[in-house]
Each structure stands twice: as structure tokens, then as C-alpha cells.
Amino acid sequence: MGDLPAPRAIEETRTPIVQLLKPEGEGRRARVEGWVRTRRSSKDFSFLEINDGSCLANLQVVADQSMEGYAEIAHITTGSSVVVTGAMVASPGKGQAVEMRAVAVELVQAADADYPLQKKRHSLEYLRTIAHLRTRSNTFGAVFRVRNALFFIVHEYFQKHGFINLQAPIITASDAEGAGEMFRVTTLDPQQPPASNGAVDWEADFFGKRAALTVSGQLEAEIFALAFHDVYSFGPTFRAENSNTSRHAAEFWMIEPEIAFADLAANRRLAEDFIKSLIVQCLERCPEDMAFFDQRIEKGLIAKLEHVLDSPFETISYGEAVRMLEASGENFEFPVAWGLDLQSEHERYLTEKKIGRPTFVIDYPKEIKAFYMRINDDGRTVAAMDLLVPGVGEIIGGSQREERGDVLRSRMEELGLNPDEYWWYLELRRYGSVPHAGFGLGFDRALMYFTGMANIRDVVPFYRTPGHVEF
Ligand code: 4AD
Ligand code: MG
């Protein structure tokens, strides 16, 4: 692909600070547009620290009292928006290689004196209450720049490997997980819904039947995999689970590759290669932001991620996991026994204390996993895989899919699902069905893992959790 022409307006007006801070920038004249982090003024000089979100570092601007309009600078408060034109020069001061000698400083708007992001550090909890301004802090600047890079890297990875992207529908009539945790989508009047036989008449609703926000694009991704071989969906997903934890959001993004003519081992290989590629690219493309996380958010983060790259992921079966937990001598809050689901405390013990690196747990009892997972030959377990990582716990859930129509149908019946509602999903098992597999990586949880941010609320631009839908 050739270079795209820059839109005229952008090309001719502003230069992002990230470009000006390169040493080659010296001597260059430029115009910057941004927000003032701090100002120090003396009789002869003013120093402004300006940030425009393009990088972690601020641009230091030096204004001389001989500059036209120098008196105006006294009105510039922290948080003010400014436009500065000037020339880049080598900086005599510590902390930056280059700085800008201002020719003109235009105050666009002075921030009111109660601007909440004065220089002192704020708690992440407090910053959540000002999500409209936290984007201007160092931490959230770094978080959302890495989030941006990761979004692109995800697409690039799959595009480079020949996967076809599908945009799975957001409104759907099928519960992809069969867990009944869906947000309803309706235009019916909640005060007076149309009724038939004393119950709500969903046929009178917008879509002529019950509709909801999707919990996963997997079922549609399977349709695509059975035509395009290797595919991925990457979109928002929604869960109405009332879990008020640091890793659950009601709206989150999921990356869901699906590969045809493939089994669980191939699925695991893809997941490991994918996670490692994401780490390599994050470190390579966001070195300053990643260094910031390493220093300020999770000490040793970069060494931890490099260690992940150097060693293969572990794989254990659910049965082995249960035996490890039983033998651990730990005092868990939730019980451990074959057939019970692993809780977050168990997952973290396994991956953090016992194994110390990312770990696939495979072959779960069929009772605790979704209807679409392939039944193993033992008849009791399914070809499931969860990837657990230190610090976060589960970041990936996936499986080989049940490609045998009769087995799938009886699984649905066993679980009380109505096969008629999944008629098209069952039909895929009649016309050229093949073994296939896939997984879902929680995009927000992956970002937590890569940045060390401990709460999902701090990696999502505007989070939605039980009781919270502000901004
Ligand atoms: O394990 P889950 O529920 O798997 C699926 O939805 C499959 N249909 C995916 C597939 O095979 N195509 O969810 C997958 C991942 C989890 O491992 C987790 O990282 C993330 O999605 N996730 C959440 N992230 C944030 N908030 C929530 N409430 C989440 N629920 C799941
Ligand atoms: Mg899961």
C-alpha cells in the first residue's frame, strides 16, 4: 500500500508533539495544539508543559518576555487549551533533549481554577468519577494509546495470517453461551406491553420475536469458518451477569477466531502464538507507555512479559488442576472437587503460585461448559480450553466445537435448550461438517494483562458495570 495523502488541513496546521520530540526535529518550525500541564513564569521567561495526547512526554515551551502578547501568558492555568507556534531547539535544561522557543502563544480557553487534574497524583478510583477528564492524565493517556495500538495489532495479526474478518451481529435472537445472561432489546412499552394469554406477546415486538444483545459472535463465526476456513470476529459483547468484580464488565470486546479442519491442539497453538505476538508488538510499538506501566503501575511488568515470550505455555487437564488444588494446602473460600467450576481464586493459585506462567486448562466436565463444546471420548469431559494468566486469571475461553449433529442435538436437549431455535447451527452439521475450533480472548482483560492495570474499569474508555452507565 502506498502512502495515503494527508488531509490538507492536518498536514498544514498542526504537528503532533510525538513527532517534534525526536532529535531530528531540531530547527523545525511547528504549530502545536494541546493542553497545559503546568506553567512556571518569571519576569523574563515562562515555561509551559504541553501535552496533546500523542505521547506520554510533554513538550516544553519557552516563551520570552519580548514575545508579542507575553502578558497574556499569565492567564494560562493548568488544563487550559493553547495553540503554540515556535521553533524546536536543543534544550539546555534537564529532562528533555529538545524544547520549543515560542513565537506566539494563543490561549484558546483558560481552564477554571478548580480543574481537577492539578499536578498531584489522584487515585484511580477518583479518576473513574471524572472519566471525561482522566484521558488527560499520564496513566490514562498511556492506557488508551496502548489500547489503540492493540486494536490495530489484533487486526493486523489475523489479516497477515489470512483470516477473514466478519462483523458478527450485535442484536441477535440466539444465546451463544446458553447461559441466559442477555440484555433484552425491545421497543415494547414496559408499562403496557401487548399481551396474549396473559403473557407478553413478543411477536408484537420489533423483530417479531425476543431479541437481545449478543454475548458472543462465535456461532456466526462458525458459519463463516465453514466457508472461509479461518476467520475472526472482533466486536463488542454484552453480559447481564451481576458480577461486581475487577474483571467483569457488562459491555466488553471479544476477539473470536474460528478455524476449520482443526482440533483443540491447533486451537491452543493459535492462542499461544497470538498472545505472544500481541506482547511483542505492544512492547515494540509502545515502548514509552509500556515503560511507564513498568515503573508506575506494575513493577517488573516488562521482565514478566519477556519471560512469557521465552517459555512455552503450560497445559494441564481440568482433572490435574483439581488434584493440584486439592494438594495445595491452601485455604480457599470456594470448595474444590471434580465437577465444580474453578473460581477465580483457584485459577490464580494455579497460574500464579503453582505454575508461574500462562496455563491452558483443558478437558472440563461437560456439566460446567457450554452446549457447543465437543464431547471427548470419555463421555464425561469436553474439549474445552481456558487460558489462565498470572494477575488476571482467565483471559481466553475456547473449545473444539461439536461437529456431530446427533451428539450436538442431544447435548442441547440435555441442557434444556430448544434445538429449533438453533436450527441453522444444527444444519451446518449436515452439509459438509468438519472438525473446527475457536476461542474468545477478552480484549479488555488482555489489556489488563499487558499493562498491569488491575481493574477492568481502568482499561475501558467508558465502562458499564452493574449500577454504572455514566458518560
Ligand atoms: O469464556 P467465554 O464466555 O467464551 C465465549 O464467549 C466463547 N463463545 C468464545 C469462543 O469460543 N469464541 O468468554 C471469552 C472471554 C473470557 O475468557 C474473558 O476474557 C472475556 O471473554 N469475558 C469477559 N471480559 C470482561 N467482562 C466480562 N463480563 C467477560 N466475560 C467474558
Ligand atoms: Mg469462560
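Just follow the structure's listing: the first ligand is 1, and inside any ligand the first atom is 1.
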Practice problem: Could you check Ile275, Val280, Asp273 and say which one makes a side-chain contact (heavy atoms from CB on, under 4.5 Å) with Ser277? | Solution: Asp273
Self-check item: Other residues, nucleotides, ligands: >12 heavy atoms within 6.0 Å of Glu288 CD
Solution: no
Quiz item: Looking at Glu414 and Arg411, does any basic side-chain N land under 4.0 Å from a carboxylate oxygen?
Solution: yes
Quiz item: Thinking salt bridges, do Lys276 and Glu272 make one under a 4.0 Å N-O criterion?
Solution: yes
Quiz item: What residues sit with at least one heavy atom under 4.0 Å from ligand 1?
Solution: Glu177, Ser216, Gln218, Arg239, Glu241, Arg247, His248, Ala249, Phe252, Met254, Glu256, Tyr372, Glu394, Ile395, Ile396, Gly397, Gly398, Arg401, Gly438, Phe439, Gly440, Gly442, Arg445, Ile456
Quiz item: Does NZ or CZ of Arg429 come closer than 6.0 Å to the centre of the six-membered ring of Tyr425, within 45° of the ring's axis?
Solution: yes
Quiz item: For Phe152, does the CZ atom have more than 12 heavy-atom neighbours from other residues, nucleotides or ligands under 6.0 Å away?
Solution: no
Quiz item: Looking at Arg374 and Glu403, does any basic side-chain N land under 4.0 Å from a carboxylate oxygen?
Solution: yes
Practice problem: Answer yes or no: are there more than 12 heavy-atom neighbours, outside Phe206 itself, under 6.0 Å from its atom CZ? | Solution: no
Exercise. Using a cut-off of 2.8 Å, count how many protein N, O or S atoms are strictly closer to the Mg ion (ligand 2).
Key: 1
Exercise. Using only heavy-atom distances, determine whether the side chains of Glu256 and Tyr232 contain a donor-acceptor pair under 3.5 Å.
Key: no
